[in-house]
Amino acid sequence: MSSSGKLTLVSSNKCFGGEQRVYSHESSEVGCTMKFGIFLPADALDGTKLPVLYWLSGLTCTEQNFITKSGAQRAAAKQNLIIVNPDTSPRGLNIEGEEDSYDFGTGAGFYVDATTDKWKNNYRMYSYVTKELLELINENFPTIPDRKGIFGHSMGGHGALIIALKNPGLFRSVSAFAPIAHPVKCAWGKKCFTGYLGTDENSWREYDATELVKSYNGPPLDILVDQGAADNFLKEGQLLPERLIESCAESKMPCIMRMQEGYDHSYFFIATFIDEHIQHHGKYLI
Ligand SMILES: N[C@@H](CCC(=O)N[C@@H](CS)C(=O)NCC(=O)O)C(=O)O
């Protein structure tokens, strides 16, 4: 399927000399209206082609959480990078069970292409991000298509890592905040993978960063991960960053994981370190 469709401007606010906008469009991949945020630095408004950094959010988020809480626009304006952040799932499809829990269905697309009967027509967030959204952004905004980075938080950190690892060369840089690093072994991952992919665990591994690192064969990825040491979901065993680090060490994949003392899972943690992540991407994109 290819992208298309017209973009509808939902909002636009001047911000650090550029504009923070939200657009909606009819998605052919997920079969519903989808929204995304885009921060355009001043140069992009003048038509200068710029690199693009994609942000993927976590469970329960819409495009609004990142826009209003991360504080990313100041650093993006300074580094002259466009930032695009999509929603986390299709919405309003009336699939039975889609609104039953915060960690499955609406707000919890998990960046996979579902294969189970109930979900497979719409829960295609992997293809939505890697194909439709990229095409839509390149067609409608002044981008340098081969200068892209990807980062995200929690479920979105998982999404950023697996998308970079499954598509060598598509993204030049990748980083994550508190990623769900080994979803085949945590409760969130088991629930979403069972629901979207079925019970064959071999199919789950294709969407697990700790597993994908072992078979990655592409340009070097200098992965940066920040993890709050006081994150409740870390304590509950939902994130398992230590497993990703072990896997990277065994596979000689460069990965810096910084344990940040006292920080939790929230956007206060993200806002604290977002500038450093944007600078990290800037090293590879500018
Ligand atoms: N306790 C949360 C669990 C979900 C959660 O913490 N979501 C994170 C990502 S995994 C988030 O970014 N929430 C939105 C926010 O903090 O603005 C809830 O039930 O809403």
Side-chain angles (χ1 to χ4, degrees), residues 55-62 65-66 69-70 87-89 97-112 114 119 123 125-126 151-165 174-201 203-214 223-250 255-274 277:
W55 169 270
L56 303 181
S57 289
L59 294 165
T60 75
C61 290
T62 67
N65 302 71
F66 175 76
K69 294 183 174 179
S70 73
D87 202 348
T88 54
S89 74
E98 76 184 357
E99 301 289 346
D100 288 358
S101 51
Y102 81 93
D103 55 0
F104 186 76
T106 302
F110 232 81
Y111 305 104
V112 303
W119 307 96
Y123 275 67
M125 287 302 290
Y126 177 76
F151 65 158
H153 171 225
S154 196
M155 173 183 76
H158 141 79
L161 291 168
I162 59 136
I163 284 173
L165 290 164
V174 59
S175 75
F177 291 84
I180 302 173
H182 195 24
V184 303
K185 294 287 183 204
C186 78
W188 278 338
K190 288 178 185 174
K191 179 172 177 175
C192 280
F193 286 169
T194 304
Y196 299 137
L197 304 174
T199 51
D200 177 7
E201 295 192 17
S203 68
W204 302 4
R205 289 194 193 97
E206 290 177 36
Y207 290 106
D208 181 298
T210 296
E211 297 293 338
L212 289 166
V213 159
K214 297 175 190 167
I223 302 171
L224 171 66
V225 176
D226 270 312
Q227 173 61 60
D231 180 334
N232 281 339
F233 297 120
L234 175 69
K235 294 174 194 165
E236 288 172 15
Q238 294 280 24
L239 306 174
L240 305 171
E242 64 282 2
R243 300 301 302 277
L244 176 67
I245 293 304
E246 283 162 19
S247 191
C248 286
E250 280 165 25
C255 180
I256 293 176
M257 200 199 58
R258 311 188 302 188
M259 283 303 273
Q260 304 288 5
E261 228 29 68
Y263 288 92
D264 62 19
H265 197 69
S266 72
Y267 267 85
F268 292 105
F269 159 60
I270 296 170
T272 305
F273 299 105
I274 195 87
H277 280 246

Roughly how far apart are [X] [atom1] and [Y] [atom2], rounded to 0.5 Å?
{"X": "L224", "Y": "F273", "atom1": "CG", "atom2": "CZ", "answer": "10.5 Å"}
{"X": "I162", "Y": "T210", "atom1": "CD1", "atom2": "OG1", "answer": "12.0 Å"}
{"X": "N232", "Y": "S266", "atom1": "CG", "atom2": "OG", "answer": "10.5 Å"}
{"X": "T194", "Y": "E201", "atom1": "OG1", "atom2": "CD", "answer": "7.5 Å"}
{"X": "S247", "Y": "L240", "atom1": "OG", "atom2": "CG", "answer": "12.5 Å"}
{"X": "L56", "Y": "L161", "atom1": "CG", "atom2": "CG", "answer": "10.0 Å"}

Only distances under 3.5 Å count here; give the side-chain donor-acceptor pairs of residues 175-190 to other protein atoms, sequence neighbours excluded, each with its distance to 0.1 Å.
unit_1, atom_1, unit_2, atom_2, d
S175, OG, H277, ND1, 2.8
S175, OG, H281, NE2, 2.9
H182, ND1, D208, OD1, 3.1
H182, ND1, D208, OD2, 3.0
W188, NE1, Y102, OH, 3.1

Counting C-beta onward and ignoring hydrogens, is there a side-chain heavy-atom pair between L165 and V213 closer than 4.5 Å?
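Yes - at least one pair of side-chain heavy atoms lies under 4.5 Å apart.
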### Query
Quick one: does D226's side chain get under 4.5 Å of F269's, heavy atoms only?
yes
List the atom of [X], the atom of [Y], and the distance in Å for their closest heavy-atom pair.
{"X": "F66", "Y": "I274", "result": "CE1-CD1, 4.1 Å"}
{"X": "S70", "Y": "I270", "result": "CB-CG2, 4.2 Å"}
{"X": "M259", "Y": "A229", "result": "CE-CA, 4.0 Å"}
{"X": "I245", "Y": "M257", "result": "CD1-CB, 3.4 Å"}
{"X": "L197", "Y": "A114", "result": "CD2-CA, 4.4 Å"}
{"X": "Y111", "Y": "D87", "result": "OH-O, 4.4 Å"}

By salt bridge (charged side-chain N to carboxylate O under 4.0 Å, His left out), K191 pairs with (sequence neighbours left out) D103
Exercise for the section: Could you pull out all residues at least two apart from R205 that satisfy salt bridge (charged side-chain N to carboxylate O under 4.0 Å, His left out)? Expected result: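 Partners of R205 under the salt bridge (charged side-chain N to carboxylate O under 4.0 Å, His left out) test: none.
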Derivation of the ring-ring contact (aromatic ring centres under 6.0 Å, His included) call for F104 and Y196:
CA-CA 9 Å; F104 186 76; Y196 299 137; 4.5 Å; yes
Any salt bridge (charged side-chain N to carboxylate O under 4.0 Å, His left out) involving residues 228-243? Give me the pairs, sequence neighbours left out, ordered by first then second residue.
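Every pair satisfying salt bridge (charged side-chain N to carboxylate O under 4.0 Å, His left out) with a residue in residues 228-243: R243-E246.
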request  = Go through Y267 and C61 one step at a time and tell me if the side chain to side chain contact (heavy atoms under 4.5 Å, CB included) criterion holds.
outcome  = CA-CA 11 Å; Y267 267 85; C61 290; 4.3 Å; yes
Distance-only criterion, 3.5 Å: show the donor-acceptor pairs between side-chain atoms of residues 152-160 and protein atoms not counting sequence neighbours.
unit_1, atom_1, unit_2, atom_2, d
H153, NE2, H265, O, 2.9
S154, OG, H265, NE2, 2.9
H158, NE2, F110, O, 3.0

Contacts of S89 meeting side-chain contact (heavy atoms from CB on, under 4.5 Å) (sequence neighbours excluded), chain-then-number -> R91, T106, Y123
